[in-house]
Amino acid sequence: MTPKPPTPQDRSPRRADTSYTSTAKVMHWLMAVLIPATMALGMYVEGLPFSPEKLKLIAWHKWAGVSLFLLVALRLTWRLFHPPPPLPASMAPALRMAAHAGHALLYVLMFAIPLTGWLMSSAKGVPTVWFGVVPIPDLLGKDEALGKLLQATHMYLNWLLAATLVGHIAAALKHHFLDRDDILTRMLPTINRKDRT
């Protein structure tokens, strides 16, 4: 009798699809650095008196926001064509739903925050020129009252993102230290194990 050829599951206890792709990892950790840095810069600038230095830092903050908006769009596009690895089978259905809802909220906020910043700049009549080279078109006409409303919305969404990120990190640490599954490790850089591209 001819033996049955081994399946990918038989060949390795950790299949390639148990880890995120290398591209997804790079984008994840790049955003993990850029998002808090951009938020911190925005909060720092908010408390500064009006000056040429403040205007320069505001420009940097806006450049970072545009870059993050594009990076989120790229990351979401990559995710659509490269689905993430499945959640551990041991996770309860309610926790699975919470995990999916948390990720969905992160993506919504990562799009909404730069967008509200863009709209705010437009309503305040302050043009954005990405890295001082690429002009970003205004989405709204100048409207001082709307600009203030969008500024408040931008700020509150940032606080919501900060809280969501804290929950995201806490959940990853819980999975690693208490549940002892691979939720955290499959997003960490690897050297000896070949990731998907």
Side-chain angles (χ1 to χ4, degrees), residues 24-79 98-176 183-184 187-189:
K25 290 180 182 182
V26 169
M27 288 190 286
H28 175 275
W29 291 110
L30 182 59
M31 295 180 70
V33 172
L34 290 178
I35 288 176
T38 304
M39 292 171 65
L41 178 59
M43 292 176 184
Y44 172 71
V45 168
E46 189 67 22
L48 293 179
F50 185 81
S51 66
E53 181 69 14
K54 179 172 183 173
L55 292 176
K56 181 183 74 173
L57 294 177
I58 288 175
W60 289 2
H61 177 72
K62 292 164 73 172
W63 297 347
V66 173
S67 300
L68 282 169
F69 185 84
L70 296 174
L71 187 57
V72 173
L74 178 62
R75 184 178 176 187
L76 183 58
T77 302
W78 181 265
R79 185 184 178 97
H100 291 310
H103 277 97
L105 179 58
L106 281 173
Y107 275 102
V108 168
L109 291 172
M110 288 188 294
F111 271 115
I113 290 172
L115 182 58
T116 54
W118 185 0
L119 291 168
M120 176 184 70
S121 290
S122 299
K124 288 191 171 188
V126 182
T128 300
V129 182
W130 192 33
F131 293 110
V133 177
V134 182
I136 305 299
D138 289 334
L139 298 179
L140 297 171
K142 189 172 181 180
D143 186 325
E144 184 177 349
L146 181 58
K148 290 181 179 179
L149 175 62
L150 287 166
Q151 182 176 8
T153 303
H154 187 68
M155 180 184 67
Y156 290 132
L157 289 177
N158 269 283
W159 283 113
L160 178 58
L161 176 60
T164 306
L165 287 174
V166 169
H168 180 70
I169 294 168
L173 294 176
K174 171 189 175 292
H175 278 282
H176 187 71
I183 288 289
L184 176 60
M187 182 53 86
L188 295 177

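Values below: every heavy atom of this structure, side chains too, minus hydrogens, waters and symmetry copies. Heads up: numbering here begins at 1 and tracks the sequence.
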Where is the tightest heavy-atom contact between [X] and [Y], given as atom of each residue plus distance?
X: P36; Y: M31; value: CD-O, 3.9 Å
X: L57; Y: L41; value: O-CD2, 4.0 Å
X: H168; Y: H28; value: NE2-NE2, 4.3 Å
X: P127; Y: D138; value: CA-OD1, 4.2 Å
X: P189; Y: W29; value: CD-NE1, 4.2 Å
X: P114; Y: G65; value: CB-O, 3.6 Å

Would you say [X]'s side chain and [Y]'s backbone share a donor-acceptor pair under 3.5 angstrom?
X: K62; Y: W130; result: no
X: H61; Y: T38; result: yes
X: W118; Y: V66; result: no

Problem - Within 6.0 Å of NZ in K174, more than 12 heavy atoms from elsewhere - result: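 More than 12 heavy atoms, drawn from other residues, nucleotides or ligands, come within 6.0 Å of this atom.
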Exercise for the section: Check whether more than 12 heavy atoms from other residues, nucleotides or ligands sit under 6.0 Å from atom CZ of F131, and answer yes or no. Expected result: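 Yes.
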What is the distance from atom [atom1] of [X] to atom [atom2] of [Y], rounded to the nearest 0.5 Å?
X: L146; Y: K124; atom1: CG; atom2: NZ; answer: 10.5 Å
X: E46; Y: N158; atom1: CD; atom2: CG; answer: 10.5 Å
X: I58; Y: F50; atom1: CD1; atom2: CZ; answer: 7.5 Å

Measuring only between side-chain heavy atoms, which start at C-beta, is [X] closer than 4.5 Å to [Y]?
X: V45; Y: K54; answer: yes
X: L150; Y: L140; answer: yes
X: L157; Y: L161; answer: no

Problem - Test applied, side chain to side chain contact (heavy atoms under 4.5 Å, CB included); reference residue, M110; option that passes from L68, V72, L71 - result: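 Single pass found, and it is V72.
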